[in-house]
Amino acid sequence: MIHVTLKDGSVKEFEAGVSVMDVAKELGAGLYKAACAARVNGEVCDLRTVLDADCALEILTFEDPDGKKAFNHTASHILAQAVKRLYPQAKLAIGPAIDDGFYYDIDVEPAFGPEELAKLEAEMHKIVKEAYPIERFELDKAEAEQLMAEEPYKLELIAEHAEGGAKVSFYKQGEFTDLCAGPHLPDTGRVKAVKLTQTTGAYWRGDAENKMLCRVYGVAYPKQSELDAYLTMMEEAKKRDHRKLGKELDLFDIFDEGPGFPAFLPNGMVVRNELEKFWRGLHEKAGYVEVRTPQIMARRLWENSGHWDHYKDNMYTTVIDDEDYCIKPMNCPGGILIYKRKPHSYRDLPIRMGELGVVHRHELSGALHGLMRVRCFTQDDAHIFCTPEQIKSEILGVIKLIDSIYKVFGFEYMLELSTRPEDSMGSDEDWEMATNALREALEANGKPYKVNEGDGAFYGPKIDFHLKDCIGRTWQCGTCQLDFQMPERFDMTYVGADGEKHRPVMIHRTAFGSIERFIGILIEQFAGAFPLWLAPVQVKVIPVSERHLEYAGQIRDQLHAAGLRCEVDDRSEKMGYKIREAQMMKIPYMLVVGDKEIENGTVAVRSRAGGDLGVMEPAAFLARAQEEIASRSLESVFETK
């Protein structure tokens, strides 16, 4: 008998040689039906894996990232099987699972279009219905090459994977066999709902020197209702696409002459400036001082910080007076130089140093995406220099500050503790100390969090904040990183109470992350209909006819003087047209003025969402609008009172 320790800590006995699938079946029919893969002693594996010794076991469902990955990977094999059935001349490359589904790269001419996708999807449904068992087996290099003799891309992969005599693993389902490391579902029938979404071009191995392949994307779910919900969300996302709304609302643009370098238009600058004003006010209250560090600094600085060794492929460089310089991809080395300008005592700490710093990072052109992935952006950075005893309170202060920022925009968020990556620097002891410090702060904070193994920064572990928007998507924005390495590399010190020199601890953190990206997220969160305090134009005064222009101008001037962003629509258009256009431009309030309004000294108030709100005196409208702005309300005070 063997002892199997389950996720809840309970221990159960089974006969040696039992499969994970049989264990899942014994634990419950519901779990067995939902199971996608397993984790045995921390290693992800197939449900068909045999257990022959005491072990720790987790049964992974679609809700677990690794379970979802196995599910989507199986869906990619079902796509490949459908391709070979319908287009046997096509050559298969790779078909991995990705965060939101899967894709397969295929060498086929002409490339697949919408008609071919419909045929492939129908064939995939047949394969699912046939519920083929999925079987894993291994071959040596010669046998593997013989099996894949007609698949040139697979042969290239076999040559790599079979180095040193290693065996090559395959998965078979029905008549179809594919080279793969796995894991996969037990059978094709578990992929109940699948949809092919689009095709794009992709170079083999991402190298422009290689052939362009046809990449087919898809999504898959255990239930049709889940797929339907996802597709509905994607339709809603299309309506909210910040790139489309950014142009329609004159917020930003990205020109062909500067891909990845966004230009903010006057309306977008209003949003940006309001966010920065909000940020500065909060940080001043929280005891931060603001700095600005140079845009370009000598390469030797980045070598000392470790960025050159770990990040040089993402950095832009130049030469000045025969010396190599780098355009900064991060703000932290500049903050360190400011700290080192003069000696510090323990009485000076913590020093909280904020910077709205512009950074440049080289992103591949295929990765660029509106404001979400750019080559130049502004980080709302801060660097806190503190004593080891202050770590916990400072981390908790950062979490509290970021929480207060996200609440203003109505965001829920999830916390994630990211641990040491493979490409990192520093001792095991430092990393363990830093990770435990973050874990203790998270425990004291009291909110649930997940552990994301191996996703920390190269210099230290971090807490990441994942925002959830109004249609269920998540975005990684804020981060709080604990760093013992930079203070060591730059020989940073402070004089302690004992009169001796000590090493400070450095905390790196952002709340927005990137102001550009955060604006993109806000555009999609609000579908361009910003709350009043952020709206580029807060009020549009609409005269019924030309004779009402003078009164409209007086109303505008009154609101302007009180600090509202207000415009008059003085065009010779019908009132209904002007109102519709103001609504399309997502302007929060429209004040219609005609003969009655002039006679009574009033305005007819309309909102973009609630329509006609009635007639009131300008001073009454102004007071309520100012209240809405001051509170940074997400709802109209006129409709909630």
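Positions are given from 1 along the sequence. Because only heavy atoms are used, hydrogens play no part in the values below, and waters and symmetry mates are left out as well, while side chains stay in.
Ring centroids of F176 and Y132 are separated by 6.0 Å or more, keeping the two rings apart. Proximity of the aromatic rings of Y171 and H184 is defined here by a centroid distance below 6.0 angstrom, and this criterion is met. Annotation: Y316 is in aromatic contact with H362 [ring centroid separation under 6.0 Å].
The side-chain tip of R361 does not point at the ring of F261 from less than 6.0 angstrom away and within 45° of straight on.
For E432, the CD atom is loosely surrounded, since the number of other residues' heavy atoms within 6.0 Å does not exceed 12.
One finds no salt bridge joining K68 and D66 here, because no Lys/Arg side-chain nitrogen approaches an Asp/Glu carboxylate oxygen to under 4.0 Å.
Rounding to the nearest 0.5 angstrom, the gap separating the CD atom in E160 from the CD1 atom in I158 is 11.0 Å. Atom OH of Y325 and atom CD1 of I320 lie 5.5 Å apart (nearest 0.5 Å). Atom-to-atom distance recorded for Q81:CD and T188:OG1 is 7.0 Å, nearest 0.5 angstrom. Taking CZ from F518 and OG1 from T510, the interatomic distance works out to 10.5 Å, rounded to the nearest 0.5 Å.
Tested against D107, the residues K91, K211, R215 include a single salt bridge (charged side-chain N to carboxylate O under 4.0 Å, His left out) partner, K211.
Using a 4.5 Å cut-off on side-chain heavy atoms (C-beta onward), E524 and M372 make contact.
The aromatic rings of Y153 and W204 lie perpendicular to each other, with more than 60° between the two planes, well past the 30° mark.
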